[in-house]
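Here you go, one structure.
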Amino acid sequence: MPPWPTLTPALLAELRRAELLADLSDADLAWIAERGEVRTVREGGLLFRQGDAAAWMYVGLEGTVETQRSGVPAGVPSYAFGPGEVYGLIPFSRMQGFQAAGVAVTPVLRVFAFPREEFDALLARVPALEPRFVSLLADRVRNATRREQQFEKLTALGRLSAGLAHELNNPAAAARRSAAEARRILGDGAAHAAA
């Protein structure tokens, strides 16, 4: 791959904001930067689509991306990633495709994208990253499990609330019908007594 034309000290400083890369040498960061690219997405734009092949590891440089799944109601918690965070495909992940779309939710989203094809070379060059990626992957699994459990609890609570509202509404409707019938009967009785 040809040298990356926009390799600057500023980019190296931005990459260093990611805890995973913070202590790497300038030479290792430059090697990483030369094999990736900076992408910019405007608010509402897509960094990746649901179903796209997972072929990139992203390092947040500026702004926030939020994952949004089709078929999931609005307001359901999703993942959000900002500056200094590493997301997308990472080494040792079995992810083949994105399960959600990555939408820019800030005026500008800038990320550094590192290609999957370079993962083996990255780990060979910087072996210290291997346990960091394993730890990041374990954290993702834990967080995904916790979020799924929260979603299931919220869904169950929603069903319980709907059922309770239905059960409370039925007796109230019956009471209203009975009161209306009593008024009608009392009104008929008063009309007969007056006649």
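Since we're looking at a predicted model, the values are computed, not measured.
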Flag side-chain contact, heavy atom, 4.5 Å: Phe112 against Met57 =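 Not touching, per the 4.5 Å side-chain cut-off.
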
Thr67 side chain to Tyr79 backbone, donor-acceptor under 3.5 Å |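 Yes.
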
Do the side chain of Glu85 and the main chain of Gly82 share a donor and acceptor less than 3.5 angstrom apart?
->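 Confirmed, Glu85 side chain pairs with Gly82 backbone.
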
Given side chains that start at C-beta, do those of Val86 and Leu21 come closer than 4.5 Å, heavy atoms only?
->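 They are not in contact (no side-chain heavy atoms under 4.5 Å apart), so the answer is no.
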
Do Phe92 and Leu123 come within less than 4.5 Å of each other through their side chains, counting heavy atoms only?
->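 Answer yes - side chains close enough.
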
Where do Arg69 and Gln50 come nearest, in terms of heavy atoms and distance?
->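 Taking Arg69 first and Gln50 second, the nearest heavy atoms are CA-OE1, 3.4 Å.
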
Side-chain donor/acceptor of Arg16 to backbone N/O of Leu24, under 3.5 Å =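 Yes, because the side chain of Arg16 sits within donor-acceptor range (under 3.5 Å) of the backbone of Leu24.
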
Measure the spacing between CG of Leu137 and CZ of Arg132 and express it to the nearest 0.5 Å.
->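 Answer rounded to 0.5 Å: 16.0 Å.
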
Is Val103 reachable from Val59 through a run of I, L, V, M, F, W or Y residues, each pair having side-chain heavy atoms under 4.5 Å apart?
->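 Each belongs to a different hydrophobic cluster.
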
Counting distance only, does the side-chain N/O of Gln99 pair as donor-acceptor with the main-chain N or O of Gly97 below 3.5 Å?
->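 Judged by distance alone, yes, a pair lies under 3.5 Å.
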
Which atom names give the shortest non-hydrogen contact between Val41 and Ala104, and what distance separates them?
->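 Closest heavy-atom pair between Val41 and Ala104: CG1-CB, 3.9 Å.
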
Taking the side chain as every heavy atom from C-beta outward, state whether Leu122 and Phe133 have any atom pair closer than 4.5 Å.
->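 Side chain of Leu122 against side chain of Phe133, heavy atoms only: contact under 4.5 Å found.
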
Is there side-chain contact between Glu62 and Val108, with at least one heavy-atom pair below 4.5 Å?
->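 Answer yes - side chains close enough.
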
If you measure from the Lys or Arg side-chain nitrogens to the Asp or Glu carboxylate oxygens, is any gap between Glu37 and Arg39 under 4.0 Å?
->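 A salt bridge links Glu37 with Arg39.
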
Minimum heavy-atom distance Val111-Tyr87, with the two atoms named =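 Smallest interatomic distance, heavy atoms only, reads CG1-OH, 2.9 Å.
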
Are any of the side-chain nitrogens in Asp120 or Arg125 under 4.0 Å away from the carboxylate oxygens of its partner?
->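 No, Asp120 and Arg125 are not salt-bridged.
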
Measure the CG-CG distance between Leu47 and Asp52 for me, rounded to the nearest 0.5 Å.
->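 Between atom CG of Leu47 and atom CG of Asp52 there are 9.5 Å.
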
Nearest heavy-atom pair of Leu61 and Pro83: which atoms, and what distance?
->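 Minimum heavy-atom contact is O-CB, 3.8 Å.
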
Plane angle bin for Tyr58 and Phe48 - parallel if under 30°, tilted between 30 and 60°, otherwise perpendicular =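 It falls in the parallel class, under 30°.
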
Residues Glu117, Arg35: salt bridge by 4.0 Å N-O rule =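 Between Arg35 and Glu117 there is no salt bridge, as every charged N stays at least 4.0 Å from the carboxylate O atoms.
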
Ile32 side chain reached by Phe114 side chain, heavy atoms, under 4.5 Å |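 Side-chain contact under 4.5 Å: yes.
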
Within the distance-only criterion (no hydrogens, no angle test), does the side chain of Arg110 pair as donor or acceptor with the backbone N or O of Thr40 below 3.5 angstrom?
->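 Pair absent, no side-chain N/O of Arg110 close to backbone of Thr40.
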
Where is the tightest heavy-atom contact between Arg49 and Leu46, given as atom of each residue plus distance?
->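 That closest heavy-atom pairing would be CG-CD1, 3.6 Å.
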
Side chain proximity check, Trp56 to Leu89, heavy atoms < 4.5 angstrom =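 They are not in side-chain contact.
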
Just how far is it from atom CG of Leu129 to atom OG of Ser135, taken to the nearest 0.5 Å?
->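 Going from the CG atom of Leu129 to the OG atom of Ser135 covers 12.0 Å.
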
Neighbour count >12 (heavy atoms, 6.0 Å) for atom CD, Glu43 =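 Result for CD/Glu43: enclosed.
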
Check whether Leu109 and Val105 end up in the same hydrophobic cluster, where Ile, Leu, Val, Met, Phe, Trp and Tyr are linked by side-chain heavy atoms less than 4.5 Å apart.
->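 Not linked; separate clusters.
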
Looking at Phe119 and Ile90, what are the two nearest heavy atoms and their distance?
->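 Residues Phe119 and Ile90, closest heavy atoms: CE1-C, 3.6 Å.
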
